[in-house]
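To find a chain, count down the sequence lines: A is the first, B the second, and so on, and within it residues start at 1. Computed from a predicted structure; not experimentally measured.
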Amino acid sequence: MLSLKDKLNPKQYEAVACPPGPLLIFAGAGSGKTRVLTYRIAFMIKQLGINPGEILAVTFTNKAAQEMRERLLKLLDMEYLPLLVLTFHSFGARILREYYEVISYKKNFSIYDEDESIGIIKGICKDLQIEEGGLKPSAIKHYISRAKDEMIDPVEYAESANLHRQKIIGQIYIEYQKRLRLHNGFDFDDLIYWPVKIFDGHPDILQFYRRHFKHLLIDEYQDTSISQYQMVKHLAGEHKSVTVVGDDDQSIYGWRGADITNILNFERDFPGAKVVKLEQNYRSTQNILSAASALIANNLGRKSKALWTSLGEGQRIKVIECSDAESESLSLVEQLTHLRKSEGLKYSDFAVLYRTNAQSRSLEDGFRTSGIPYIIVGGLRFYERMEIKDILAYLKILVNPDDNISTQRIINVPRRGIGDVSIDYIANYSRERNLNLLTGCYHATEGKVDGIPAPKIKEFTKIIDKLSKLIDSGEPLASLLAKIIELSGYEASLVAEATPQSETRLDNIKELVDGAAEFENRTPDATPEQFLEEVALITDMDRRDPNSDAVTMMTLHGAKGLEFPVVFITGLEEGLFPLIRDGQIAPKDLEEERRLMYVGMTRAQRHLYLTHCRYRRHFNRSFFGKASRFLSEIPENTLDDAYVDLKPISNRPKTKLREGRYEFEAEPKRSFAIGADVYHQKFGYGVILGIEGNGENEIVTISFSSVGRKKLMVKMAGLKPA
DNA sequence: CTACCGCGTGTTTTT
DNA sequence: CACGCGGTAG
């Protein structure tokens, strides 16, 4: 390999070229983490002559895995990647596809997502008549997930329960695991939990994996849970060629079971580990970096580090105080429009970040009305849409007939006159006879189940029959899905509905078929099970199209690993960010919020904007927001002069549409389009942000480069197109 | 027994 | 404000 030393700084080189063995790389934000990981892999292959098949790289997200794959292909100059780059969860799924038998599972198991898992828990609470003691099913799921992260099995959990609440959860946990097995399904946590259990109990299998993967590389090590840590520890075995990369300051998944002590204790767990700190930041200017560093310095119990950059001082950070969320949205539009012009930036150079998905609503309003292209990443995911899950449920029961969850989901979708009561009858009948629900349905068509309208069930089983034949005859995936949509009557019912919503649903299921076709292309020998697995593990974060020129809007969590020339962090109000529930926040939670802020700030390359509102409607109730404490933790000398934008924008009367007939305003004639450049005698050049009223009363909101935002009557203003 | 309608409730972050 | 759940009508 040519001159590694020229392409890496000394620290990076040290990490890349260090001999196989335990290696911990503290990679500060923007310090070229992925670069080091990929070069290290290339180094192992090209310099050390290591067989690529013996290397396993594990990341946390599909996005990260994908990026690493692409960069490796380029670096190694190959067409196909000779090594595995997987997420923890997909690696776990692979192990289970191979060894499901040793834990008495069956082939073609299903993978249940969060909603389905919570659905199972709801069912358990109902069946067991458990008084949940004020615990919501989602909360129960959370506790069970944490238990699995810590490798605590159901019986162990129940036995060690002290509190009344824990005993209830223990009971539910036991039943939950039982039902998952009954349905031949795993939840997300099982994809780590069970492989570790298998390794624990089957040295021969563990030995196989250890021999197979002699060199491990783990990305985002600070986000690993106890179960993931154990998986790494198991695989590392005696040879201990483990490279882990992480940054304790970017640990933001504690609520999901990530255990920051994993990275802090690496040197203890792997004696003789080499530690390299990467502290040169290649992303941000000094101002941004100093501000972020000062902020994170408020956390205790972190490894101290000193990030530095040679990119120069750069712009100061701008804090904008807005009157309300609507004004916040318009402020973003305003700043963005100016900056885009003055610096010749693309829309895709901008990111708008927020703490909770709910905030995206008000933020996107301003973008929509001003015609600025944007994409919202995250929120409701494509594969979590109702219609997609419905169609996939059909596919799931064809592959795994034990999947009662999916059977239950679509037995009456679209409507075939089979209600809850009928389903309960069949479910009870099936349970007593140890049959799965689908088989129970077939019995019902033969009149074996009392009180069930056989013809209606028959309608359902006939569809399944037809589809089974197709899948058995090896129908290609995309056309199989098309058949499901057609034969199930799903398409017809959506067409009949003929609402705007049903139209988008139709579009979505068509997109699903396209996606399946694309999957077939990419993986020629693909089985439906593999497709289902990919679909279960993929997230919306992975569907970001890098080619479209649009502003990216996403949560701060979603932004990890990304970078943008311009970043807006919004909603910086005490209580919202840091997010505080019940007026209280535990110190460790506050520190995680602060790390989240740190992650957000360090996404910015050149410009960083921080906005907060004085007034915000949050939970149904309006409240007056104090500025976030994080704002006061940023040194003054990195901040621009305060920019206050308090012009009330939202005092125009809300139009009522609900009362009486719907009324549609005639499309008003407008003198200017939103986004148009205009010139004003006194204020100079500006951009039209919004238009209200028409004719005599037409009022435009204009952002002037000289004086900021103004509302003017067109009649009086004497505007000229610029 | 199913389908529809209205009321009430409740919102962190995600593999 | 949107969704889920529960009650009622058919």
Atom C1', compared across C:dG4 and B:dT13: separation rounded to whole Å: 23 Å
Between B:dT13 (C1') and A:Glu592 (CD): distance, integer Å: 8 Å
Under 3.5 Å, side chain of A:Glu67 to main-chain N/O of A:Ala64, donor-acceptor pair present? no
Report the nucleotide, chosen from C:dA2, B:dT15, B:dT12, that has the shortest atom-to-atom distance to any side-chain atom of A:Glu114. B:dT15
Using the test side-chain hydrogen bond (donor to acceptor under 3.5 Å, both in side chains), find all partners of A:Arg431 that sit at least two apart in sequence or belong to another chain. none
Please identify each residue that fulfils salt bridge (Lys or Arg N to Asp or Glu O under 4.0 Å) with A:Arg415, with sequence neighbours left out. none
With the sugar-phosphate defined as primed atoms, P, OP1 and OP2, and the base as all remaining atoms, what B/S/- string results for nucleotides 1-6 of chain B, 5' to 3', for protein heavy atoms under 4.0 Å? SSSS--
Pairing donors with acceptors under 3.5 angstrom, does anything connect the side chains of A:Glu220 and A:Gln222? yes
Taken to the nearest whole Å, CZ/A:Phe188 to P/B:dT14 is 13 Å
Let's see if you can work this out: which of B:dT15, B:dT13, B:dT11 has an atom nearest to the side-chain heavy atoms of A:Lys136? B:dT11
Looking at A:Asn357, I'd like to know whether one of its side-chain N or O atoms comes within less than 4.0 Å of OP1 or OP2 on B:dT12. no
Between A:Met554 (CE) and B:dT14 (P), how many Å, whole number? 10 Å
Test salt bridge (Lys or Arg N to Asp or Glu O under 4.0 Å) applied to A:Lys462 - qualifying residues, sequence neighbours left out: none
Whether the side chain of A:Ser628 engages the backbone of A:Leu572 through a donor-acceptor N/O pair (distance < 3.5 Å, no angle test) should be reported. no
Taking only the C1' atom of each, what is the distance from C:dC5 to B:dT12 in whole angstrom? 24 Å
Can you list the residues that meet the salt bridge (Lys or Arg N to Asp or Glu O under 4.0 Å) rule with A:Glu114, with sequence neighbours excluded? A:Lys141
With the side chain of A:Thr61 defined as its heavy atoms from C-beta on, choose the nearest nucleotide among B:dT13, B:dT15, B:dT12. B:dT15
For A:Ala393, check side chain to side chain contact (heavy atoms under 4.5 Å, CB included) against everything at least two apart and list the hits. A:Ser406, A:Arg409, A:Ile410
Separation of B:dT13 C1' from A:Leu576 CG (nearest whole Å): 12 Å
Please list, chain by chain and in numerical order, all residues satisfying side chain to side chain contact (heavy atoms under 4.5 Å, CB included) with A:Ile423, sequence neighbours excluded. A:Gln408, A:Ile411, A:Ile418
Rounded to whole Å, how long is the line connecting atom CD1 of A:Ile118 with atom P of B:dT14? 14 Å
With stacking defined as ring centroids separated by under 5.5 Å and planes differing by under 30°, is A:Phe60 stacked against B:dT15? no
Among pairs that include at least one residue of residues 246-261 of chain A, which meet salt bridge (charged side-chain N to carboxylate O under 4.0 Å, His left out), considering only residues two or more places apart or in two chains? A:Asp247-A:Lys305, A:Asp248-A:Lys305, A:Asp249-A:Arg302, A:Asp249-A:Lys305
Check: protein-nucleotides 5-8 of chain C nitrogen or oxygen pairs below 3.5 Å:
from: C:dC5; atom 1: OP1; to: A:Lys122; atom 2: NZ; distance (Å): 3.2

Could you give the CG-to-C1' distance, from A:Leu596 to B:dT14, as a whole number of Å? 12 Å
For A:Ile569 and B:dT13, give me the distance from atom CD1 to atom P, rounded to whole Å. 17 Å
Rounded distance in Å - CG (A:Leu562) to P (B:dT14): 13 Å
